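Okay, so here's the structure we're looking at.
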Amino acid sequence: MDGGKVLAAFLGIRTEHEGFVDIIPLGGRYFPQPDDEVVGQVVDLGPSHWLIDLNAPYPAPLHATESPWRVEFGETSKFMIIGDACLVKVLSVDETKRVQVTMRDRGGRRLSGGHIVEIGHSKVPRLIGKGGSMITMIKDFTRCQAFVGQNGRVWIDGEMNDMVHAIQAIRMIDEHAQAIGLTESVKGYLEGAYGKRGA
Amino acid sequence: MEDIEHFEKEIRLVDENGRRIDGRSLDALRPIKIEAGVLKRADGSAYVEWGDNRVLAAVYGPREAHPRHLQDPTRALVQCRYNMAPFSVSDRKRPGPDRRSVEISKVTSEAFANVVFREQFPRTSVDIFIEVLQADAGTRCAGITAASVALADAGIPMRDLIASCASGKIAGQIALDLNKEEDNFGDADCPMAVVPRTGEIVLLQMDGHLTEDEFDRAMKLSMGATSKIYEMQKDALRRRYAVTALDEDDASEVSP
Amino acid sequence: MSSEVISELMREHIVKLVASGRRADGRAPEETRKLTIEKNYIKTAEGSARVRLGNTDVLVGVKIGIGEPYPDTPTSGVLTTSAELVPLASPTFESGPPSPTAIEIARVVDRGIRETKTVDMSKLVITPGEKVWVLFIDIHALDYDGNLFDAASYGTLAALSCATMRGAKLGVPDRPLPVDHWPISITAAKIRNTIVFDPALDEERIADARLTVATDENGDVRAMQKGLTGSFSYDEVRYVISTARRLGNEIRGIVRA
């Protein structure tokens with residue numbers, strides 16, 4: 001696209017670094033893509049659906065038929081109420097940008113317990129790490145369950161002390177996603193908290 | 001600006017050497033500083049110091065447009081609100097929008113609506129807020145300059161930034177970037193905003209008295225200034241997102 | 001979370017966290033966030049200060065002019081305080097007339113200056129019944145991350161402390177606005193049964209009750225305001241007062257500098 005070069009100049013950074021060229025997307029809100037697995041929050045509900053905020057420009061309806069429960073008409077609030085957090089998957093985004101989500105995919109569920117941390121959605125690949133290495137390291141040290149939503153919301157659950165460390169590690173990555181030696185810094189923090197161990 | 005200064009009757013806006021009251025030549029811009037990403041809550045933000053102007057801009061969006069009946073089913077609304085803090089001017093201004101602020105809000109919204117890729121976000125609104133913290137004439141130009149950077153900081157897709165500057169006539173001579181005294185006692189003021197890559201004019205206002213030739217000369221000065229301002233805007237964004245370097249081993253999975 | 005609805009899950013996490021003596025940003029319950037104040041921030045104001053309390057950012061401008069006193073107080077200067085919670089500062093702030101929150105902040109700050117005689121309005125008379133100094137305090141929120149009460153209050157005191165009364169129109173030299181007292185406000189939030197000081201936004205959003213206490217340089221209580229729908233026991237109130245006194249003493253130096 002004609003504007004592409006100019007947009008890249010200020011919406012993304014091209015750096016040439018020892019032979020490879022990396023484009024790190026900058027700001028901009030998360031935009032749902034089909035198959036994205038995300039942490040959503042119920043912001044409204046009707047007799048046969050819930051409206052899910054995805055930390056995106058648009059909320060998405062979750063129809064009762066796309067939930068794992070048998071929901072009678074008018075009984076949606078028996079299963080999830082406004083404010084509830086959940087794991088959902090983006091089913092589709094049509095040309096008018098209407099987004100549909102489902103909870104019938106593996107892992108889809110209402111969340112309870114734990115905590116949710118929000119990071120810039122462009123930092124998600126960094127938090128996951130190559131082949132999941134970064135998030136696995138955090139989970140191994142802190143013994144927490146964790147789910148990293150493509151929308152930048154991260155759900156973690158575990159013992160309170162462990163959650164505090166996991167949240168701190170996640171915040172470090174959000175703050176310093178572009179820094180050199182980030183993996184080492186996070187590892188250093190976790191080793192400081194838990195002692196060295198084979199991850 | 002509206003406030004009255006108590007100057008001698010014979011105020012010389014330009015001396016015999018072509019120097020203005022603040023020492024500038026007729027074609028000189030006031031010093032400008034631009035910083036991107038200065039606020040935490042907003043999706044994008046920027047701060048501009050332009051001479052004695054101090055302006056803060058923030059962007060929220062794209063977000064669902066409310067009330068529902070104002071939504072456009074085919075594209076995003078672009079809504080800009082220009083506001084002056086009560087202490088931003090010599091004679092305190094009552095809080096809240098006055099007619100001047102409402103007008104400036106309208107013409108700046110229209111300028112930004114031209115460059116934002118609105119069709120990418122139907123039914124939403126891109127909300128732009130310009131707060132003038134300290135004013136010394138040219139606040140709408142400083143505001144637009146800041147708001148463009150804030151839009152880019154928020155990652156709003158646009159075909160280009162918008163750069164803005166004013167020129168006018170003081171003591172019968174065409175001058176760039178009038179300050180408060182020059183605006184109050186000068187003969188004409190003409191703020192404008194352009195899309196730098198194409199030269200398209202998306203905001204243009206004029207009050208005073210200019211011949212066609214004077215208008216051409218004023219626009220030429222403004223166009224020259226806006227290309228300098230454009231470089232400063234891009235520079236502010238580059239500095240904000242300066243990358244120190246990447247961890248070699250994590251670099252490969254960062255590219256989309 | 002970016003959505004404005006509070007989820008039960010997150011509320012419970014913060015409640016449990018503070019009950020164990022920790023806070024989401026790593027602070028201790030009685031710890032206040034980093035405070036920086038830049039005085040004389042705005043040239044067009046007679047006094048001004050930009051305050052950053054953690055990520056909460058507030059700009060306060062003081063404009064001083066000359067005008068007529070109110071008819072019922074001919075020997076008193078005029079003081080008007082207003083607060084603008086402009087939409088730039090938070091996705092939850094809307095444009096329009098001041099919300100009840102903005103009005104409460106303005107009134108609490110105003111009382112904190114007026115009733116404490118921080119600025120003695122009777123000293124601001126030029127000609128009784130005719131001409132007095134008129135002060136406008138304008139609080140402008142720039143970035144909202146909790147505890148606007150304290151940020152606005154520090155900003156106001158800092159702005160007043162560097163304000164100049166311009167004497168040109170009276171043919172007298174400029175002189176500094178006299179500030180006689182230094183009340184420092186400290187806000188506490190009660191979350192379930194735990195009390196934390198200088199609440200950040202995530203704490204403020206789930207707090208059951210809030211109490212702001214201003215103490216002066218002699219340790220005396222000069223202002224109080226309780227907010228939200230929960231309650232405090234008498235012992236809790238005494239606890240907040242004594243902690244506010246201690247924290248206020250630490251902060252006073254920064255505001256006076």
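Below, chains carry the letters A, B, ... as their sequence lines are ordered, and counting in each starts from 1. Fair warning: this is a prediction, and the values are worked out from it, not measured in the lab.
Heavy-atom distances place the side chain of A:I167, and not its backbone, under 4.5 Å from chain C. Using a 4.5 Å cut-off between heavy atoms, A:V164 touches chain C through its side chain atoms alone. Using a 4.5 Å cut-off between heavy atoms, C:R22 contacts chain A through its side chain alone, with no backbone atom that close.
Rounded to the nearest 0.5 angstrom, A:I81 CD1 and C:S7 OG are separated by 10.0 Å. Interatomic distance, C:I6 CD1 to A:Q41 CD, rounded to the nearest 0.5 Å: 8.0 Å. Within the model, atoms CZ of A:R171 and CG of C:D25 stand 7.5 Å from one another, a figure rounded to the nearest 0.5 Å. To the nearest 0.5 Å, atoms NE2 (A:H115) and CG (C:L9) are separated by 8.0 Å.
Within 6.0 Å of CD in A:E159 there are 12 or fewer heavy atoms belonging to other residues, nucleotides or ligands. Heavy-atom contacts from other residues, nucleotides or ligands closer than 6.0 Å to CZ of C:R27 number more than 12. Counting non-hydrogen atoms of neighbouring residues, nucleotides and ligands closer than 6.0 angstrom, the CD atom of C:E94 reaches no more than 12 such neighbours. The environment of CZ in C:R238 is sparse: at most 12 heavy-atom neighbours from other residues, nucleotides or ligands sit within 6.0 Å.
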Using distance only, find each side-chain donor-acceptor pair of residues 63-70 of chain A under 3.5 Å and give its atom names and separation, not counting sequence neighbours.
{"unit_1": "A:E66", "atom_1": "OE1", "unit_2": "A:T102", "atom_2": "OG1", "d": "2.5"}
{"unit_1": "A:S67", "atom_1": "OG", "unit_2": "A:A64", "atom_2": "O", "d": "2.8"}
{"unit_1": "A:S67", "atom_1": "OG", "unit_2": "A:W69", "atom_2": "N", "d": "3.4"}

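Note on A:G114, A:G152, A:P59, A:S112: by heavy-atom pairs under 4.5 Å with chain C, the leading option is A:G114.
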